[in-house]
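Okay, so here's the structure we're looking at.
Just so it is clear, the structure is predicted and the values come from calculations on it, not from any experiment.
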Amino acid sequence: MALVGALSLLDLPSDPLLVILSYLDFRDLVSCSLVNRRLQQLSNHDLLWKRPCQIYWLVSESKIPHKTQTWKETFITYYKDLGRYIEHYAKLKKAWDSLKQYLAERCPKMISSLKAGVQEKDLNAVEEKIGCKLPDDYRCSLRIHNGQKLVVPGLMGSMALPNHYRSEDFLDIDTAAGGFQRRMGLNQCLPITFCIHTGISQYLALADTDGRRRNEIFYQCPDQIAHNPAAIDMFITATSFFQWFTSYVQHVVSGDYPIIWDQIFRYEHDKACVATTDDITVSVSTSFVPELSSIHPPHYFFTYRIRLEMSKDAYPEKACQLDSRYWRITNAKEQVEEVQGPGVVGDYPQLRPGRVYEYTSCTTFSTSSGYMEGYYTFHRLDKKQETFNVVIPRFHMKCLTFRASTISTEESCNDCFFHDDDSTDTDDYEERRRFLDMPNAPVHCPRFS
């Protein structure tokens, strides 16, 4: 019986080889084309380049720039322009597209404020101007959209309290470069957001300096104890631009961040933080407010939004009115404070079947985390003598990850520390704010409402 010789590539039919090659990445297709003439011919088969175009550049047949281009030519066209961003482009483009689609139905004015992407030469010019390299993920995002116009509300989220309002715009690269920092404490840091009401920004660290790590994004937090203006602590919001932007978009499009008054509010809601008592459901969302917080001395400011809703299926005689509130507040040291008071934020809301009542209040801790729980006392509208308690579920608050400045202080000031308590006295709170030299517009907030 004659032996069958080993098959070579030249002996194999093209169709099964093309099927195998269709599973390869574009880098592998290029490598295969260098093996021999047969693989070179097969690797250039145009349909093999359709998948890389869709994966890396999100190009469909209807979006090919020039109808006469082949898939491979299309891939090469995109690669010549955006090749350095090939690991980031598709994910960031998807994030931008999903954000725009979500907001177009809810906040169309916000979408109209977005600027078109910049070109490579513009980013190179900025790098030359500031003397620092921009991270590729940040550059890639700017190629898609060059931030937004300075408008209200800003794209990167809002926060509203009595006498305090923050709404952050996503800065275009020229405006950001104009705010590039060279001073000690914020050296080689680039602002990427800005609030025209508070002046607060989130900064992108472009170098490992002053205790910061390259690519981190943070809020600055001056050390109020150090007698050195360069001693700036930081609340860290992300370790890279990619993480910062994609996680924010996910919060928005998933509905985690509510749309209120045509703007995005950065409240986080734990789906387990819901309690129902006698047809009344109470849910809580919370947010840390970095611009009103301090690491040195420890003073952490939180706001929470509470929603009370009576079931639409409740009987009409269930209608009731809130009389008072009770809070049990526990900090990270297990120190407990109990607070009772009439109404909520000066109001005594009535609930009827299907009605919703929401309000916002705030609190401070001397520890970086804590939790609150309690109950509201209601009476029936038809039977005022009939009172009952409605449970407020326990909700936790935790500040952003933070890091202290590494810049040495000129001298210490032990008397500058607050007492280690969580005082809720409004006058005491305002006195502390003056002492801390915080932003000028003081926040007068009904504590524990």
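In this structure, Phe395 has its ring center under 6.0 Å from that of Trp327. Checked against a 6.0 Å centroid threshold, the rings of Tyr89 and Trp57 count as neighbours. If you look at Phe241 and Tyr138, their ring centroids are closer than 6.0 Å. In this structure, the ring of Tyr300 has its center no less than 6.0 angstrom from the ring center of Phe365.
Surrounding OH of Tyr79 are at most 12 heavy atoms belonging to other residues, nucleotides or ligands under 6.0 Å away. Heavy atoms of other residues, nucleotides or ligands lying less than 6.0 angstrom from NZ of Lys384 number 12 at most. More than 12 heavy atoms of other residues, nucleotides or ligands sit less than 6.0 Å from atom NZ of Lys115. Under a cut-off of 6.0 angstrom, the local environment of CD in Glu317 is crowded, with over 12 non-hydrogen atoms contributed by other residues, nucleotides or ligands. Counting non-hydrogen atoms of other residues, nucleotides and ligands closer than 6.0 Å to CD of Glu338 gives a total above 12.
The side-chain heavy atoms of Tyr56 and Asp25, taken from C-beta on, include a pair separated by under 4.5 Å. The shortest side-chain heavy-atom distance between Asp279 and Leu351 does not fall under the 4.5 Å cut-off. Between Gln181 and Gln220, every side-chain heavy-atom pair lies at or beyond the 4.5 Å cut-off. Counting heavy atoms from C-beta outward, Ile236 and Arg212 have side chains that stay 4.5 Å or more apart. No side-chain heavy atom of Pro349 sits less than 4.5 Å from a side-chain heavy atom of Leu308.
A donor-acceptor contact closer than 3.5 angstrom links the side chains of Asp323 and His379. There is a side-chain donor-acceptor pair under 3.5 Å between His296 and Asp233. Checked by atom type, the side-chain pair His299/Gln224 shows no donor-acceptor distance below 3.5 Å. When only modelled atom types and interatomic distance are considered, Asn389 and Tyr326 share no side-chain donor-acceptor pair under 3.5 Å.
Salt-bridge formation is not detected for the pair Arg143/Asp122: no Lys NZ or Arg NE/NH1/NH2 atom is positioned less than 4.0 Å from an Asp or Glu carboxylate oxygen. A salt bridge does not link Asp382 to Arg380: none of the charged side-chain nitrogens sits closer than 4.0 Å to a carboxylate oxygen.
Taking the six-membered ring where tryptophan is involved, the planes of Tyr165 and His197 are perpendicular, since the angle between them exceeds 60° and thus also 30°. Using a 30° and 60° split on the angle between ring planes, Phe170 and Trp244 fall in the perpendicular class, above 60°. Ring-plane geometry between Phe235 and Phe288 is classed as perpendicular, the angle between the planes exceeding 60 degrees on a 0 to 90 degree scale with a lower cut at 30.
The cationic group of Arg106 lies under 6.0 Å from the six-membered ring centre of Tyr102 and within 45° of the ring axis, placing it in a cation-pi geometry.
Atom CZ of Arg183 and atom CG of Asp210 lie 10.0 Å apart (nearest 0.5 Å). With rounding to the nearest 0.5 Å, the separation of CD in Glu337 from CD1 in Ile329 is 5.0 Å. For the atom pair CD1 of Ile144 and CG of Leu114, the computed distance is 11.5 Å after rounding to the nearest 0.5 Å. Atom OG1 of Thr286 and atom NE2 of His396 lie 10.5 Å apart (nearest 0.5 Å).
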Intermediate values then yes/no, side chain to side chain contact (heavy atoms under 4.5 Å, CB included), Lys398 and Glu268:
CA-CA 11 Å; Lys398 184 178 181 180; Glu268 295 189 40; over 6 Å; no
Side chain to side chain contact (heavy atoms under 4.5 Å, CB included) between Asp223 and Ile407, intermediate numbers included | CA-CA 10 Å; Asp223 187 327; Ile407 295 177; over 6 Å; no
Dump the intermediate steps for salt bridge (Lys or Arg N to Asp or Glu O under 4.0 Å) on Asp313 and Lys318, then the final yes or no.
CA-CA 10 Å; Asp313 297 324; Lys318 292 275 191 173; over 6 Å; no
